[in-house]
Amino acid sequence: MSPDTADERPTDDDRPVMVYDADCGFCVRWVQRWRERTGPRVEYAASHAVVGTRFPHVSAGDFAQAVYLFEPDGRTSRGAEAALRAVALGPGLLARAPLFVYTHIPGVRPLLDTAYGFIARNRLGISRVETFIAGPDVGPSTWLRSRRVFQFAFALVALLAVLSARAQILGLAGSDGILPIAERLADRGHWTNAPTWLWLDASDAALTWLCTIGVTCAGLIALNVLPGLAAAVLWTIVISLIWASPEFFSYQWDNLLAEVAFVAALYLPWHVVRRGLARDPPRLARWLMWFVLFRLTFESGVVKIVSDDPTWAGLTALNHHYMTQPLPHVVSWFVHKAPDVVHQAGAVFTLLVELVLPFTIFAPRRLRHLGAVGMIALQVAIFATGNFGWFNLLTIALCLSLFDDVAWRRKPRDESAASARRPVGSCGLEARELPPYRERRAPLLLQRVAGLVVAAVIVPVGSLQVVQLFVTPTWPTAEQRQAGIRATLVDRELEPAVRLVEERLWPFRVVNSYGLFATMTTTRPEIRIEVADEAGAWHPVEFAHKPFDAHAMPRWSQPHLPRLDWQLWFEALLWERTGQRFGYQPSPWFVGFLDGLAEARPAVLGLLAAPTLDGGRPTAIRIRLEYARFTTLDEHFVESGDWWRFDSSSRWITTYER
């Protein structure tokens, strides 16, 4: 389709005019998309309104074959060139890129002209495919309401996370806690190695104030008051808490919360109180948010495959998971009793969601929504069968960002009837009017520039983290670390240079690697702790959410995340893995916990279900490793009513002495 440049008549005003066939629903859809990119810079006119008047030399039949663009200087173009020239009139340098390629790259013009002709001749079938994968509303996606939904969900999760941390932080990192941060901060060297506000003040009051500020930030995000700035401050609070007690705050979901808060600062608006027209969400920041969700989900699936874990390969992982997970609750006990075929189906569903559905994140609307529903379903299932704190809620909040405004729009009751009355155009498609143009303010320039800078760093590092799951990574040498990132790039060593960037960014938790339950534990070791009173009688240390009493029903703790209970699960696995071969060497944090028990520190005792010995000091502490399992249906309902069975053959391993 060569452009027709015979017309020398100017348009009625200074704007270019695009003329389209209003009887063709397919044409109206695409014109609507182009108009979203050009805004008021281009006038869009239906062909039936201009035939024989403004452009008399173009017949109605010509307008039915292709779109036309009439420019003030007299230039007329049609088909693919008209569309590209119109889009090039939109704001930004990127809007001109397609026209530049069309005009200057050999072979592109005839290729796109041929493609336009093919689409024009087959628009009925193409429209049906488009409707199938994108839904009946195939207009351009908008994200104002979608961003607000994500914003509120993220604020709620952040509030729950910080409140949960506030309830434990003094017992974990306070002056009388397990590992006091004030005594350890000097070992960090420099603030770039451990970026935290606690360099200014590491007192108990500072720890409490950190959490208070975090709660305030979550509230500001929910109330839509400076949400972008609040998210940025929240990010600094989260990484400060991580470095206040990395042994207890470096779980993958803590890193995820920090990363999401960082990207949310680019995605959420930066207004004090919204006045007038809301600004569009930055497109690049939204894609960065989706990139986080993609890596979280896909990497969690890949690690299950590349780990060669026999339970995932044999689809028996869920036969063990509900019992051996860190903190099961009562629903876990019942689901564990399901038939093997149910567990196998659950394993297949998990692998499909984590390995396939992440790619729908970047698909058209209907496929993207379908993928989001599947990923949310997996998170709901995990939430319903185990205690994972607020992690599943945070992942669901990320999934909500995949739904554009169409998904949150309330449909009028008579919409289906109105659709049935719409006439069918000459092309065989439903004829629709071009909806009125609604002006939207562009995102802040500062946010867009910041998004470009962040994407230039995060995308290569995050992509390399995904790739390294499949190939052997190339790590930078000592010489390259000494030379730095720039020198390594000059030597064309791209992967080591990206690794160096990753190492520099790691303390700030702005891009993280993920991979949950790569291998499934098939047994449940438990550390049992007892303290002796002055009379020499032994009393068990009672934890709020760990199994320690055969008669105690597994408890529900989420959205609260009891970090001491969680960390004891990892310590038991460490004891099981190393104790028989090398002899058990307790972790420093576990020694600190036993010190706190021995000294009866109130902050440490506050992490337990009840203070040991009514807050008094024990005369001795002993610990052992034993194995626990769920009782069977008969053992619970017929015999004893117990929920747990403990291995009675276990013997005391050691007596703790200071």
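Along the sequence shown, residues carry numbers from 1.
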Are the side chain of [X] and the backbone of [Y] linked by a donor-acceptor contact shorter than 3.5 Å?
X    : Y    : answer
Q558 : W390 : no
S463 : P460 : no
S513 : Q465 : no
W408 : W143 : no
E354 : E299 : no
Q379 : L393 : no
Q325 : T385 : yes
W34  : L84  : no
N255 : N512 : no
Q447 : L266 : yes

So does [X] pair up with [Y], basic N to acidic O under 4.0 Å?
X    : Y    : result
K304 : D309 : no
D404 : R145 : no
R499 : E502 : yes

If I compare all heavy atoms of [X] with all of [Y], which pair ends up nearest, and what's the gap?
X    : Y    : answer
L355 : G301 : CD2-C, 3.4 Å
A372 : L402 : CB-CD1, 3.6 Å
I126 : F118 : CD1-CE2, 4.5 Å
D405 : L144 : OD2-N, 3.1 Å
P195 : W243 : CD-NE1, 3.5 Å
R563 : F249 : NE-CE2, 3.3 Å

- Going through the distances and angles, do Y44 and T38 end up as a side chain to side chain donor-acceptor pair (under 3.5 Å)? CA-CA 10 Å; Y44 293 87; T38 63; 2.8 Å; yes
- Message: Could you walk me through whether W253 and L257 satisfy the side-chain contact (heavy atoms from CB on, under 4.5 Å) test, starting with their C-alpha distance in whole Å, then the side-chain angles of each, then the deciding distance to 0.1 Å, before giving a yes or no?
- Response: CA-CA 6 Å; W253 33 91; L257 180 60; over 6 Å; no
- Query: For the ring pair F517 and W312, is the centre-to-centre distance below 6.0 Å?
  - Reply: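 Here the rings of W312 and F517 have centres that are no less than 6.0 Å from each other.
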- Aromatic contact, F359 with F294 (centres under 6.0 Å): yes
- Task: Could you check L226 against L220 for side-chain contact (heavy atoms from CB on, under 4.5 Å), going step by step and ending with a plain yes or no?
- Result: CA-CA 7 Å; L226 281 175; L220 291 175; 5.6 Å; no
From [X] atom [atom1] to [Y] atom [atom2], the distance as rounded to the nearest 0.5 Å:
X    : Y    : atom1 : atom2 : answer
N392 : I376 : CG    : CD1   : 12.0 Å
R96  : R85  : CZ    : CZ    : 12.0 Å
L561 : L160 : CG    : CG    : 11.5 Å
M375 : L296 : CE    : CG    : 9.5 Å
T360 : R365 : OG1   : CZ    : 14.5 Å
I237 : L210 : CD1   : CG    : 5.0 Å

Is the [atom1] atom of [X] crowded by more than 12 outside heavy atoms at less than 6.0 Å?
X    : atom1 : result
R37  : CZ    : no
W209 : CH2   : no
W30  : CH2   : no
F508 : CZ    : yes

- Message: Determine whether T212 and R166 satisfy the following criterion, side-chain contact (heavy atoms from CB on, under 4.5 Å), listing intermediate values before the conclusion.
- Response: CA-CA 8 Å; T212 302; R166 191 180 190 279; 3.9 Å; yes
Parallel, tilted or perpendicular: which one describes the rings of [X] and [Y], with boundaries at 30° and 60°?
X    : Y    : value
F100 : H104 : parallel
W287 : F362 : parallel
H321 : F388 : parallel

- Task: State, without any angle test, whether Y267 and S401 hold a side-chain donor-acceptor pair at a distance under 3.5 Å.
- Result: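 Distance-only check fails for Y267 and S401.
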- May I ask you to check whether W197 and T236 show a side-chain donor-acceptor distance below 3.5 Å?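 There is such a pair between these side chains.
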- Go through the steps to decide whether V238 and D254 satisfy the test side-chain contact (heavy atoms from CB on, under 4.5 Å), and finish with yes or no. CA-CA 8 Å; V238 174; D254 296 310; 5.5 Å; no
Non-hydrogen side-chain atoms of [X] and [Y] separated by less than 4.5 Å:
X    : Y    : answer
N224 : H271 : yes
R35  : P40  : no
C399 : L293 : yes
R448 : L452 : no

Within 45° of the axis and under 6.0 Å from the centre of the six-membered ring of [Y], does NZ or CZ of [X] qualify?
X    : Y    : answer
R509 : W506 : yes
R286 : W290 : yes
R295 : F291 : yes

